[in-house]
Amino acid sequence: MVSPPHEAMHRIFQHDPGLFSRVSRFLGVDIPAPVKATALPTDLTEANPVERRVDTLLRLETADQGSYLLAVEAQGKKHPDKPASWAYYTAYLWTKYRLPTALLVVCQDHATATWAQQPVSCGPPQLPTLTVQPLVAGPHNMPVITDPEEARADLVLASLAAITHAAEPDVDAILKALSTALRDAPEDVAKPLVEFTAQGLAKRPAKNLWRNLVAVDLSFYKSYLAEEVRDEVRAAVRDEVRNEVRDEVRDEVRGEVRDEARAESRAEDILLILEQRGLGISEDVRSRITHCTDPELLRHWLARAVTVPKAEEVFEDA
């Protein structure tokens, strides 16, 4: 099953294709900023039944150096089969599109990053017919952005810095700087970055800090992440006043209203994720989501909305 950090590490480049040129300076190369970017199909399957998919694939066009492809792979751990897959991706894309192809691997730990950036050749030692050596972004070379002004200058890069340093001691300072910088950002800018950051942190301890920062610093922001914090606060208050509240009917009505509000919020979150991913949403899909009042079913749909290739498939296995 695809994990939230895996999705955050590559989808952030779909959200802002120009991020690659800004990240490249930390990787020891100078990639010009694109003047145009196009998301391409990630399915690299041929006529044979073996399915191969790259995580994110972009066609970037530059003013001076023409067009090239960027394949972004999120790598959570070492895997001996991956270099062969990467070689296939780059060779296939080069052949299909006849364009230079760059490969960027995004990691969250030093060991995986060190492994991923080692060159691997498919031929014998004396005949290295094809050598794969991807660019690697990870905690070893991504900037530690702890100054809110620096974070404000490039919010997407600051989000990627938090994601790649999710397991590092510096992540708390990065998250505080990012949350401060996001206070002044328009809601449509802040929302996807809050989600990318939350996905990238997954179940690590820093996730709790991020939830609290979102709830306090970004009070306008309403999503499943902020709703979790609000639910905890409501629960604490409810425990505190439970002995004073004796009207059972009143409690029942409050619970119903809260469930309705939570269902409405989760439905909005599902539609937002599908829209941010660029998936077409039919009126039937929109109506089914907005009219659902089952919190657990909505939570299931919310998890599927992160990865399904079509909006209609969010309901499968429900």
For A198 and K207 the tightest heavy-atom approach is O-CD, 3.9 Å
With a 4.5 Å cut-off on side-chain heavy atoms, are V214 and T197 touching? no
Spell out, yes or no, whether L57 and W94 are grouped together once hydrophobic residues are joined by side-chain heavy atoms under 4.5 Å, including indirect joins. no
All heavy atoms of E73 vs all of R53, minimum pair found to be OE2-O, 4.3 Å
Y89-V120 co-clustered via ILVMFWY side chain contacts under 4.5 Å: no
Check step by step if side-chain contact (heavy atoms from CB on, under 4.5 Å) holds for Y92 and T101. CA-CA 10 Å; Y92 176 86; T101 302; over 6 Å; no
Main-chain N/O of E283 paired with S287 side-chain donor or acceptor, under 3.5 Å: no
Evaluate the side-chain contact (heavy atoms from CB on, under 4.5 Å) criterion for residues E168 and M142: first the C-alpha distance (whole Å), next the side-chain angles of each, then the deciding distance (0.1 Å), finally the verdict. CA-CA 12 Å; E168 300 295 310; M142 284 295 92; over 6 Å; no
Hey, what do you get for CG (L175) to CG (L209), rounding to the nearest 0.5 Å? 5.5 Å
Over all heavy atoms of both residues, which pair between S21 and S24 is shortest? Give the atoms and the distance, please. O-OG, 2.7 Å
Going by ring-ring contact (aromatic ring centres under 6.0 Å, His included), name the pairs with one or both residues in residues 169-197, residues two or more places apart or in two chains. H15-F196
State the CZ-OG1 distance between R286 and T290, to the nearest 0.5 angstrom. 8.0 Å
I145 and L178, any side-chain heavy atoms less than 4.5 Å apart: no
Give the cluster check for I174 versus L213: same hydrophobic cluster or not, with ILVMFWY residues linked at side-chain heavy-atom distances below 4.5 Å. no
List the residues meeting salt bridge (charged side-chain N to carboxylate O under 4.0 Å, His left out) with E296, not counting sequence neighbours, and say none if there are none. none
How long is the span from the CG atom in L69 to the CG atom in L40, to the nearest 0.5 Å? 6.5 Å
With sequence neighbours left out, which residue pairs that include part of residues 56-68 fulfil the side chain to side chain donor-acceptor pair (under 3.5 Å) condition? H10-T56, Q14-T56
Are V29 and V23 connected, step by step, through hydrophobic side chains (Ile, Leu, Val, Met, Phe, Trp, Tyr) whose heavy atoms are closer than 4.5 Å? yes
Tell me whether V156 shares a hydrophobic cluster with V144, the cluster being built from Ile, Leu, Val, Met, Phe, Trp, Tyr side chains joined at under 4.5 Å. no
Between CZ on residue F13 and CG on residue L60, distance to nearest 0.5 Å: 10.5 Å
Could you state the interatomic distance from CG (L297) to CZ (R266), rounded to the nearest 0.5 Å? 11.0 Å
Report the C-alpha distance between R11 and E195 in whole Å, list the side-chain angles of each, state the deciding distance to 0.1 Å, and finish with yes or no for side-chain contact (heavy atoms from CB on, under 4.5 Å). CA-CA 11 Å; R11 291 195 183 279; E195 297 294 355; over 6 Å; no
Show me the pairs that pass ring-ring contact (aromatic ring centres under 6.0 Å, His included) and involve residues 113-144, at least two apart or across chains. W86-W115
The side chain to side chain contact (heavy atoms under 4.5 Å, CB included) partners of P128 (sequence neighbours excluded) come to S121, T131
Can you name the closest pair of heavy atoms from R22 and R25 and give their distance? O-CG, 3.3 Å
Sub-3.5 Å donor-acceptor pair from the side chain of D16 to the main-chain atoms of I12, do we have one? no
I'd like to know if the side chain of R277 reaches the main chain of V308, judged simply by a donor and an acceptor atom lying under 3.5 Å from each other, with no hydrogens or angles considered. yes
Sequence neighbours left out, what pairs pass ring-ring contact (aromatic ring centres under 6.0 Å, His included) with at least one residue falling in residues 149-181? none
Report the C-alpha distance between F20 and L58 in whole Å, list the side-chain angles of each, state the deciding distance to 0.1 Å, and finish with yes or no for side-chain contact (heavy atoms from CB on, under 4.5 Å). CA-CA 10 Å; F20 178 54; L58 301 170; over 6 Å; no
Say whether, by atom type as modelled, one donor and one acceptor occur between the side chain of S179 and the main chain of K176 under 3.5 angstrom. yes
What heavy-atom pair brings P148 and T180 nearest, and what distance separates the two atoms? CB-CG2, 3.9 Å
With distance as the sole test, does R304 use its side chain to make a donor-acceptor pair with the main-chain N or O of E313 at under 3.5 Å? yes
Looking at every non-hydrogen atom in both residues, tell me the closest pair between N141 and V136 and how far apart they are. ND2-O, 2.8 Å
Once you round to the nearest 0.5 Å, how far does CG of L193 lie from CG of L157? 11.0 Å
Student check: side-chain heavy atoms of I289 and L274 closer than 4.5 Å: yes
